[in-house]
Structure formats: C-alpha cells, structure tokens
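When a residue number appears, it is its place in the shown sequence, counting from 1.
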Amino acid sequence: ATLCDHHFQSCASCHDSDARADAFNWDLLNDGVGNPKNAKSLLLAHATPPAMWLGVRQTAEQAVRAGIRHILFAPPSEEVACAIDEYIKSLQPTPSPFLVDGKLSAGALRGQAIFMDPRVGCARCHPPSMFTDLRSHDVGTRAKHDDYEDRFDTPTLVELWRTAPYLHDGSATTVLEVLTLFRACPKKADF
C-alpha cells in the first residue's frame, strides 16, 4: 500500500498475496465505474492478452500501469511498473491438489475427453496449453451492470481449481454452475 495515494490499498487487496484471485467483485476506475468485476488471477497475464474481463487493456503491461494510475491513484513509475511486470511474469502454476500421484484421475481423464471433444466445444475457446483463445466472446452471461454490447475475455483455465467464483461477475460458485445453470458458451455468430 505504500504506492497507493493515502496508503489504503495495494495490488494484493484484489489479487491476494500470491497474485491470484480474491473471490470478490470490485468496481474500480480501471475499466469504468458501475460494472463490478470478479478479480482475475494474474497468473499468465502477460502471456494471455488482452487484460481484464472486458479486454480494455491490450496487454498486461498496460494494465499494470493503468492500475497504478486508476486504482492506486499514483503516478506510474516505470521502474516500479517494470518490477511488478517481472513479478507477475515469474508466477508459475501450482499443480492441482486433485491429481493422483501427479496424474489425472480416471474421472479427470473422462472429463478431459469430453472437454477435448469437438462436438462439446470447450477446447474451441480454451485450447491447450494456455487454455484460452485470447479473444473476447459473448457467452450469454451478462449481468444487470453490464452493457448490452459487452463481450468478455476468455480466461485461462490454468489453476481453475483455485479461482472460484467463476464468470466475469463471480456469479457462478462452481464450475458445475458455469456449465449447467449459466450454460456459458459463445454464440455461433461470435466465431
């Protein structure tokens, strides 16, 4: 919080102490006011542009500098911004605690086959190895605070097990809710 004007928040206020998601929605000036969004994990942020749910920053570098200016209300020092960039780039995925002896369980292997099945279509927007197509889509999950035209960044599914709640507004508590209750899937015209 030493960077922040009046020292009331830090990057870790929203992105937790390990730069992952904090499970809260935030309505900050970085992407406009009146549209609260679920904090995203910063893991792979520099490798999976655009940044932020609405893709308002083309790169994570731009998002870091805009965050310093519009969230911490401080002039972005290039030295500090570069240090933050390097820290975020250094983050490595943590292996899932659901692995069995370091491998996918039988149930996970069945899930992988379904995920990769072209008839199901999950891998169309979340292709391995980054598990994102680096595009924004209308997935049919707009909430009351969203604009009619909003399209949402396809998040990486790396470390999905630790990033609940899900969707841009945190409205899905579990992945099962994403798939059943919200049926989040891009419209065919969105491709």
Undergrad: I'd like to know if D101 pairs up with K103 as an ion pair, taking the criterion as any Lys NZ or Arg NE/NH1/NH2 lying under 4.0 Å from an Asp or Glu carboxylate oxygen.
TA: no
Undergrad: Any idea which heavy atoms bring G34 and P36 closest together, and the distance?
TA: C-CD, 3.7 Å
Undergrad: Side chains of P50 and Q62: does their closest heavy-atom pair fall under 4.5 Å?
TA: no
Undergrad: Are D133 and C125 side-chain neighbours, meaning at least one heavy-atom pair lies under 4.5 Å?
TA: yes
Undergrad: NE2 of H137 to CG of D153: how many Å apart, nearest 0.5 Å?
TA: 9.0 Å
Undergrad: Any chain of hydrophobic side-chain contacts (each under 4.5 Å) joining L134 to F131?
TA: no
Undergrad: Under a 3.5 Å distance rule, please check whether R124 uses its side chain to pair with a backbone N or O of P118 as donor and acceptor.
TA: no
Undergrad: Is the number of heavy atoms from other residues, nucleotides or ligands under 6.0 Å of E79 CD greater than 12?
TA: no
Undergrad: Under the side chain to side chain contact (heavy atoms under 4.5 Å, CB included) rule, what do I84 and L3 come out as? Steps first, then yes or no, please.
TA: CA-CA 12 Å; I84 293 170; L3 288 179; 4.3 Å; yes
Undergrad: Quick one: does R20's side chain have a donor or acceptor within less than 3.5 Å of a partner on D18's backbone?
TA: yes
Undergrad: State, to 0.1 Å, how close A164 and A23 come at their nearest heavy-atom pair, and which atoms those are.
TA: O-CB, 3.6 Å
Undergrad: Looking at every non-hydrogen atom in both residues, tell me the closest pair between T94 and R162 and how far apart they are.
TA: OG1-NH1, 3.3 Å
Undergrad: Measure across Q92 and L43 and return the closest heavy-atom pair with its distance rounded to 0.1 Å.
TA: C-CD1, 3.8 Å
Undergrad: Looking at side-chain heavy atoms only, is the closest gap between D169 and N38 below 4.5 Å?
TA: no
Undergrad: Do you know which two heavy atoms are closest between S41 and T163, and how far apart they sit?
TA: CB-CG2, 4.2 Å
Undergrad: What's the verdict on side chain to side chain contact (heavy atoms under 4.5 Å, CB included) for C11 and L72, showing C-alpha distance, side-chain angles and the deciding distance?
TA: CA-CA 8 Å; C11 301; L72 300 179; 4.3 Å; yes
Undergrad: Take L54 and K37 through the test side chain to side chain contact (heavy atoms under 4.5 Å, CB included) and record every step on the way to the result.
TA: CA-CA 9 Å; L54 293 175; K37 300 287 183 282; 3.9 Å; yes
Undergrad: Could you walk me through whether T59 and H46 pass side chain to side chain contact (heavy atoms under 4.5 Å, CB included), step by step?
TA: CA-CA 7 Å; T59 66; H46 285 75; over 6 Å; no
Undergrad: When you group the ILVMFWY residues by side-chain heavy-atom contacts below 4.5 Å and let the links chain together, are L181 and V178 in the same group?
TA: yes
Undergrad: Between the side chain of Q58 and the main-chain N/O of P49, is any donor-acceptor distance below 3.5 Å?
TA: no
Undergrad: To the closest 0.5 Å, what do you measure between CZ (F73) and CD1 (I68)?
TA: 13.0 Å
Undergrad: From K144 NZ over to D146 CG, what is the distance, rounded to the nearest 0.5 angstrom?
TA: 11.0 Å
Undergrad: In terms of hydrophobic clustering (I, L, V, M, F, W, Y; side-chain heavy atoms under 4.5 Å; direct or indirect links), are F115 and L104 co-clustered?
TA: no
Undergrad: What distance do E159 atom CD and L44 atom CG have between them, rounded to the nearest 0.5 Å?
TA: 8.0 Å
Undergrad: Would you kindly confirm whether W161 and Y166 end up in one hydrophobic cluster when ILVMFWY residues are joined by side chain heavy atoms under 4.5 Å apart?
TA: no
Undergrad: For the side chain of H126 and the backbone of P155, is there at least one donor-acceptor N/O pair under 3.5 Å apart?
TA: yes
Undergrad: Are there more than 12 heavy atoms of other residues, nucleotides or ligands under 6.0 Å from atom CZ of F24?
TA: no
Undergrad: Testing the basics here: between A39 and C14, what is the closest heavy-atom pair and its distance to 0.1 Å?
TA: CB-O, 3.2 Å
Undergrad: With a 3.5 Å distance limit and no angle check, can you tell me whether T154 reaches the backbone of T132 through a side-chain donor-acceptor pair?
TA: no
Undergrad: Does one side chain, of D150 or H168, offer a donor that lies under 3.5 Å from an acceptor on the other?
TA: no
Undergrad: Is a side-chain N or O of R65 found less than 3.5 angstrom from the main chain of E61, in a donor-acceptor match?
TA: yes
Undergrad: Side-chain heavy atoms nearer than 4.5 Å, only ILVMFWY residues, links allowed to pass through others: does that put L99 and L157 together?
TA: no
Undergrad: Looking only at atom types and distance, does a side-chain atom of D117 sit under 3.5 Å from a main-chain N or O of R119, one as donor and one as acceptor?
TA: yes
